[in-house]
Amino acid sequence: MGLSDRSLITMDDLSSREMEALFSMTDEMADTMGDQYNVCQGKIMASLFLEPSTRTRLSFETAMHRLGGNVITVADAKVTSLAKGESLADMARVVGSYADIIVVRHPWEGAARVVADYAGIPVINAGDGGHQHPTQTLCDLYTIRKERGDIRGLRIALWGDLKYGRTIHSLIFALAKFGADMLFCPSPGLEVPENIVRKLIAEYGGQVERVAASDRAVKDAFPLDAVYVTPSSPHQLAMMPNINLEAELREGVDALYVTRPQKERFITGTEQEGLKERYPVVDKKLLRGREFRKTIVMHPLPRVDELAYDIDADPRSIYFQQAARGVPIRMALLALLLGAREWPASSTAGPTIPGVEYPVYRRDSGVRCDNPACVSVQESEAQYLKPEFKVVSRDPLTLRCVYCEHGYQPEYVATTDWHEGKLEYKIYHRADSHWAKRIKPENLIVFTSAEEAEAHGYKAGRYPGTQHRENDTGE
Ligand code: NCD
């Protein structure tokens with residue numbers, strides 16, 4: 001299958017082979033930038049940027065102009081009917097009838113998926129809240145590949161706000177696909193979210209280790225609390241039982257990927273408190289460390305205080321080249337998604353996307369995603385979006401929202417097949433009980449609280465509060 005008519009919403013949508021092919025086409029676009037003006041002639045790209053942007057919007061628009069296509073733009077949510085309460089679905093249907101492709105940036109997590117579900121034309125996610133930003137990742141990978149030749153086996157440190165940084169989230173999955181090792185170096189309190197770590201392990205074959213930076217040498221290089229590592233073999237579990245971080249670092253870090261604190265997404269006051277003192281800075285002094293001798297310093301930009309201006313002239317600093325590569329990479333992507341360029345046959349051979357099939361949980365009423373930034377819980381969207389989850393684990397029972405991918409662990413469950421219309425059989429159980437584990441995924445009903453279960457006419461199981469005694473009772 002080629003890329004034509006497909007959307008790009010998360011890194012799950014592209015295999016490593018497809019990315020390799022995209023990078024080859026990017027090389028061609030970069031070398032012949034001025035000769036591509038008839039590739040997308042007559043095509044229209046709608047660029048909907050409902051959150052601030054400089055690089056992403058302008059590089060997409062430059063790319064489309066260089067391909068000879070046309071651009072219609074919204075760069076401020078306040079001037080659209082969204083400000084009047086219009087839903088994303090309605091906007092997507094309308095814009096989908098005007099343009100050939102949509103590029104969308106929105107503060108809600110999962111917004112790009114909703115636009116893709118309703119637009120009827122290819123959609124590119126240019127950043128949906130703190131969720132993902134796949135085209136920035138393409139730019140990042142292309143840069144690493146250009147500077148280092150191959151991505152496989154590299155040691156890449158991800159630095160700063162790993163909790164809300166959407167570029168980080170997309171990059172983690174992409175690096176895992178290419179088999180790079182990652183050192184997660186979060187500012188304290190801004191660690192990689194659990195749902196991402198869980199997916200990395202379950203679907204991308206990641207082995208994650210927490211290493212305390214207690215050693216002095218390590219502390220000097222990484223003035224941070226915790227570091228994690230993933231293995232270099234993609235799609236299979238590698239064993240890394242005792243990581244010696246000092247030894248790892250002696251080998252050197254190939255790339256340092258720095259990010260700013262995403263203050264606009266902070267939920268709690270503690271995330272903001274003392275941030276300036278806590279947030280790690282990359283400067284001349286840090287880069288003097290032996291482990292950074294050959295390190296390339298990257299940043300998706302914009303920077304705030306975390307990347308000192310005193311390293312701009314250092315040959316290891318490549319963030320402005322990284323930004324410049326946004327144009328040819330987006331030219332290649334637009335040409336492929338619009339079907340204006342053929343997808344090389346080599347890119348489509350063999351299974352390269354990790355394919356884990358999970359049962360789907362979808363009910364008209366009841367549990368909703370508990371992420372306040374998720375598109376599915378916003379007032380304008382909740383009227384038509386049905387909550388939908390994947391059941392990614394039975395023990396502990398964990399649902400993953402299909403929109404924002406946050407994990408949710410319900411407390412109570414019931415089954416649709418035991419009550420057969422009789423009220424006395426409508427029983428709810430604790431989600432960690434022996435009864436709960438016997439419920440088939442297609443019969444599962446989940447409740448946020450006992451009150452909710454009771455409001456739906458369910459009665460407590462014999463020992464709903466005590467998993468142990470409930471197990472003892474047998475059938
Ligand atoms: C990033 C973004 O918007 O997520 N910027 C970008 O697209 N180049 C990073 C950021 O805003 O910190």
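All values reported here derive from a predicted model rather than from experimental measurement. No hydrogens, no waters, no symmetry mates; every other heavy atom, side chains included, goes into these values. Order of listing sets the numbers, starting from 1, for every ligand and every atom in it. Residues take their numbers from the sequence shown, with the count starting at 1.
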> Could you list the atoms of ligand 1 found under 4.0 angstrom from a heavy atom of T56?
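Near T56, the atoms of ligand 1 are 6 (C), 7 (O).
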> Considering only the protein, which heavy-atom contact is closest to atom 4 (O) of ligand 1, and what is its distance?
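Protein heavy atom at minimum distance: R166 NE, 2.7 Å.
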> Numbering the atoms of ligand 1 from 1, which are under 4.0 Å from a heavy atom of P302?
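Counting atoms of ligand 1 from 1, those under 4.0 Å from P302 are 10 (C), 11 (O).
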> So if I apply the side chain to side chain contact (heavy atoms under 4.5 Å, CB included) rule between H133 and each of T167, D140, L171, which one comes out positive?
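Answer to the side chain to side chain contact (heavy atoms under 4.5 Å, CB included) test with H133 among T167, D140, L171: T167.
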> Heavy atom of R105 under 4.0 Å from ligand 1?
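True for this residue.
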> P300 versus ligand 1: do any nitrogen or oxygen atoms come within less than 3.5 Å of each other?
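P300 vs ligand 1: N/O contact under 3.5 Å present.
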> Yes or no: does T259 have any heavy atom under 4.0 Å from an atom of ligand 1?
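No, that is not the case, since the closest heavy atom of the residue is not under 4.0 Å from the ligand.
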> Will you find, in the side chains of T10 and Q132, an N or O donor that is under 3.5 Å from an N or O acceptor?
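Note: T10 and Q132 side chains miss the donor-acceptor criterion.
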> Using a plain distance cutoff, I'd like to know if T167 has any nitrogen or oxygen under 3.5 Å from a nitrogen or oxygen of ligand 1.
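No; the residue has no nitrogen or oxygen that sits under 3.5 Å from a nitrogen or oxygen of the ligand.
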> Inspect the surroundings of OH in Y384 and state if more than 12 heavy atoms from other residues, nucleotides or ligands are less than 6.0 Å away.
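Result for OH/Y384: enclosed.
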> Taking atom CZ of F320 as the centre, does the number of heavy atoms from other residues, nucleotides or ligands within less than 6.0 Å exceed 12?
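Check passes, neighbour count above 12.
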> May I ask which of T135, L301, D140 has a heavy atom nearer to atom 9 (C) of ligand 1 than the others do?
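When every heavy atom of T135, L301, D140 is considered, L301 comes closest to atom 9 (C) of ligand 1.
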> Near E342 CD, under 6.0 Å, is it more than 12 heavy atoms from other residues, nucleotides or ligands?
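Open: at most 12 neighbouring heavy atoms sit under 6.0 Å from CD of E342.
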> Are E306 and R260 ion-paired here, with the side-chain N under 4.0 Å from a carboxylate O?
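A salt bridge is absent here (no side-chain N lies under 4.0 Å from a carboxylate O).
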> If the threshold is 4.0 Å, N to carboxylate O, is there a salt bridge linking R145 and E20?
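Between E20 and R145 there is a salt bridge, with a charged N closer than 4.0 Å to a carboxylate O.
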> Give the atoms of ligand 1, by number and element, whose distance to some non-hydrogen atom of R260 is under 4.0 Å.
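In order of number, 10 (C), 11 (O), 12 (O).
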